[in-house]
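Take a look at the structure set out below.
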Amino acid sequence: MQEFTVVIVGAGPSGLAISACLTQNSISHIILEKEDCCASLWRKNAYDRLNLHLASEFCSLPLIPHPPSGPTYLSKDQFLQYIDKYVEHFNIKPLYCRAVVSAEYDEVGKKWNVETKNTQEDTLEVYTSNYLVVATGENSEGYIPNVPGLSNFEGEVVHSKYYKSGSKYESKKVLVVGCGNSGMEIAYDLYNWGANPSIVIRSPFHVFTRGLIHQGMRMVNYLPVYVVDTIITSLAKLKYGDLSKYEIYRPKEGPFHLKNITGKSPVIDVGTIEKIKEGAIKVVSSNITRIEKKKVVFENNNEEEFDVIVFATGYRSVSNRWLKDYKYALNDKGFPKNPFPRHWKGDHGLYCAGLARRGLFGVKIDAESIAEDINQNIKLHN
């Protein structure tokens with residue numbers, strides 16, 4: 001059994017950011033990571049053409065901002081270079097290949113007991129701590145809806161988490177299910193590689209250029225959210241025109257207001273809208289009812305055969321499976337039970353980071369808040 005002041009579960013950007021802040025305050029801690037590297041989602045499961053949709057000024061971790069002379073929008077590789085330098089600078093040394101089996105709060109000893117499996121040596125290890133931080137992220141497990149007949153689909157089924165590029169899908173008919181940023185960008189990537197993509201669009205969403213979102217994020221520091229929403233929505237209408245003729249509808253609520261109350265992001269257009277207007281990317285405005293061999297049947301009774309289905313249908317947090325006393329900070333779905341902006345703080349020294357659906361900007365704020373709270377608690381008890 002090994003004892004630390006803080007145990008952090010997850011070596012993604014959230015876990016690394018908290019480690020850096022704790023190191024600044026000389027607080028003993030350890031990061032437990034189930035994969036064999038840090039930032040594994042970025043390293044192993046991000047598609048090749050991925051660029052950060054937000055400007056670099058909103059995508060830094062605590063204590064080391066991106067240089068103003070650098071690119072406004074970082075590529076995946078540039079962001080990973082930044083992560084590697086960050087780890088080196090703060091001498092962060094996660095324990096890799098440690099899959100957490102269970103974490104329980106000992107009411108008598110007032111400590112967290114975290115049991116992990118060392119997957120390299122196939123042994124069990126136990127760590128105890130005064131504080132436990134869940135930093136496993138929102139995107140731990142890809143969610144695929146239960147569509148009748150999907151298991152018998154004769155083509156390829158892939159979740160967006162495992163999509164790398166459209167290079168192997170040239171000339172193939174591909175159905176993308178999900179119209180968030182991943183789905184829209186994957187549809188565009190498929191088109192660029194010579195595939196014939198269709199995308200299922202059932203929900204209203206806002207569409208903006210990266211530049212408009214960048215302007216909006218700067219404006220919210222000085223203007224009320226509803227004013228910023230009105231300005232950038234008007235500019236988006238001038239840019240894109242009426243998209244309803246392409247089965248794309250805008251929500252009634254503004255984009256920043258929606259982000260604040262639901263965590264749902266607007267779509268940052270990388271070129272997909274133009275291809276939809278040209279008819280190069282086909283929009284399907286009806287849900288799937290069933291699948292028969294290669295044939296997909298939709299609610300409007302249309303039928304079409306596809307070679308590949310890509311599910312860009314989001315993720316599920318899996319922390320509730322191992323965190324036995326999750327009630328101290330999380331709800332039944334593995335997300336913060338406390339409302340923003342105190343979502344990161346639970347009871348009995350339990351914290352959660354990077355679960356507020358606010359991207360890297362939210363990660364930085366969570367990490368700073370958690371580390372400061374732990375630091376104040378330690379000073380209080382001493």
Side-chain angles (χ1 to χ4, degrees), residues 49-60 65-66 68-75 78-79 176 178-189 191-192 197 199-283 285 312 314 340-341 356-365:
R49 60 164 284 120
L50 178 68
N51 281 278
L52 271 68
H53 289 131
L54 299 183
S56 59
E57 67 192 89
F58 301 110
C59 295
S60 63
H66 296 290
S69 58
T72 306
Y73 299 99
L74 301 177
S75 69
Q78 286 168 331
F79 183 69
V176 180
C179 56
N181 277 301
S182 294
M184 295 291 273
E185 189 154 349
I186 286 168
Y188 184 68
D189 188 59
Y191 163 79
N192 284 338
I199 183 165
V200 176
I201 295 181
R202 293 286 295 134
S203 308
F205 57 85
H206 287 284
V207 184
F208 298 100
T209 62
R210 289 196 303 195
L212 280 175
I213 287 296
H214 190 185
Q215 283 177 291
M217 288 188 75
R218 284 183 163 178
M219 282 193 284
V220 289
N221 292 320
Y222 309 101
L223 296 168
V225 166
Y226 77 91
V227 174
V228 178
D229 279 345
T230 303
I231 293 169
I232 67 165
T233 304
S234 300
L235 292 170
K237 285 176 182 173
L238 285 173
K239 162 78 178 166
Y240 294 107
D242 179 14
L243 295 176
S244 62
K245 63 183 90 167
Y246 308 103
E247 305 291 344
I248 296 173
Y249 299 92
R250 289 186 180 89
K252 288 173 184 171
E253 300 93 343
F256 282 99
H257 174 68
L258 269 180
K259 183 70 177 171
N260 285 343
I261 61 169
T262 68
K264 187 177 180 182
S265 300
V267 166
I268 314 292
D269 178 40
V270 294
T272 315
I273 298 297
E274 185 186 344
K275 295 304 162 192
I276 286 173
K277 286 180 172 181
E278 290 173 6
I281 296 172
K282 185 179 167 188
V283 171
S285 59
F340 182 86
R357 296 185 175 99
R358 279 169 166 76
L360 291 164
F361 188 58
V363 162
K364 179 176 183 287
I365 295 167

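Because only heavy atoms are used, hydrogens play no part in the values below, and waters and symmetry mates are left out as well, while side chains stay in. Sequential numbering from 1 along the given sequence is applied to the chain's residues. It should be emphasised that the depicted structure is a prediction, and the values quoted were computed from it without experimental measurement.
Evaluation of the side chain to side chain donor-acceptor pair (under 3.5 Å) test over residues 242-258, restricted to residues two or more places apart or in two chains, returns Asp242-Ser244. Pairs passing the side chain to side chain donor-acceptor pair (under 3.5 Å) check and including a residue from residues 199-210, sequence neighbours excluded, read Arg202-Asn287. Pairs passing the salt bridge (Lys or Arg N to Asp or Glu O under 4.0 Å) check and including a residue from residues 211-220, sequence neighbours excluded, read Glu57-Arg218. Applying the salt bridge (Lys or Arg N to Asp or Glu O under 4.0 Å) rule to pairs touching residues 259-278 yields Lys275-Glu278, sequence neighbours excluded.
Between the CG atom of Leu360 and the SG atom of Cys59 there is a distance of 5.0 Å, given to the nearest 0.5 Å. In this structure, the separation between CD on Gln215 and CD1 on Ile231 is 9.5 Å, given to the nearest 0.5 Å. Atom CG of Leu238 and atom OG1 of Thr233 lie 11.0 Å apart (nearest 0.5 Å). In this structure, CG in Leu212 is found 8.5 Å from NZ in Lys239, a value given to the nearest 0.5 Å. Atom OG1 of residue Thr272 and atom CD1 of residue Ile186 lie 10.5 Å apart, to the nearest 0.5 angstrom.
Taking both residues in full, the closest heavy atoms of Val207 and Tyr240 are given as O-CE1, 3.8 Å, listed atom of the first, atom of the second, then distance. Of all non-hydrogen atoms in Tyr73 and Gly211, the two that sit nearest each other are OH-N, 3.8 Å. Residue Ala187 comes nearest to Ile199 through the heavy atom pair CB-CD1, 4.4 Å, listed as atom of the first residue, atom of the second, then distance. When all heavy atoms of Val267 and Gly180 are compared, the closest pair comes out as CG2-C, 4.1 Å. Across every non-hydrogen atom of Gly183 and Val176, the tightest pair is O-CG1, 3.6 Å. Contact record, Ile201 with Cys179: CG1-CB, 3.7 Å, taken as the closest heavy-atom pair.
The shortest side-chain heavy-atom distance between Val227 and Met219 does not fall under the 4.5 Å cut-off. For the pair Ser75/Leu50, no side-chain contact is recorded, criterion being any heavy-atom separation below 4.5 Å from C-beta on.
With sequence neighbours excluded, the residues satisfying ring pair (Phe, Tyr, Trp, His ring centres under 6.0 Å) with Phe361 are Phe58. For Thr230, the side-chain contact (heavy atoms from CB on, under 4.5 Å) criterion is met by Ser234, not counting sequence neighbours. With sequence neighbours excluded, no residue forms a side chain to side chain donor-acceptor pair (under 3.5 Å) with Thr262. Evaluation of the side chain to side chain donor-acceptor pair (under 3.5 Å) rule for Lys282 yields Glu304 as partners, not counting sequence neighbours. In this structure, Arg358 has no salt bridge (Lys or Arg N to Asp or Glu O under 4.0 Å) partners at least two apart in sequence or on a different chain. For the side chain to side chain donor-acceptor pair (under 3.5 Å) test, no residue two or more places apart in sequence or in another chain qualifies with Arg357. Scanning for ring pair (Phe, Tyr, Trp, His ring centres under 6.0 Å) contacts around His53 gives an empty result, with sequence neighbours left out. For the ring pair (Phe, Tyr, Trp, His ring centres under 6.0 Å) test, no residue two or more places apart in sequence or in another chain qualifies with Tyr226.
The closest donor-acceptor contact from the side chain of Glu185 to the backbone of Ser182 lies at 3.5 Å or more, if one exists at all.
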Handout entry: side chain to side chain contact (heavy atoms under 4.5 Å, CB included) assessment of Ile273 paired with Ile248
Key = CA-CA 10 Å; Ile273 298 297; Ile248 296 173; 3.9 Å; yes

Handout entry: Phe79 and Leu52: CA distance, side-chain angles, deciding distance, side chain to side chain contact (heavy atoms under 4.5 Å, CB included) verdict
Key = CA-CA 8 Å; Phe79 183 69; Leu52 271 68; 3.9 Å; yes

Handout entry: side chain to side chain contact (heavy atoms under 4.5 Å, CB included) between Ser265 and Asn181, worked out
Key = CA-CA 8 Å; Ser265 300; Asn181 277 301; 4.3 Å; yes

Handout entry: Residues His66, Leu74; criterion side chain to side chain contact (heavy atoms under 4.5 Å, CB included); working and verdict
Key = CA-CA 10 Å; His66 296 290; Leu74 301 177; 3.3 Å; yes

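The neighbour count for Phe208 CZ, taken as heavy atoms of other residues, nucleotides or ligands under 6.0 Å away, is above 12.
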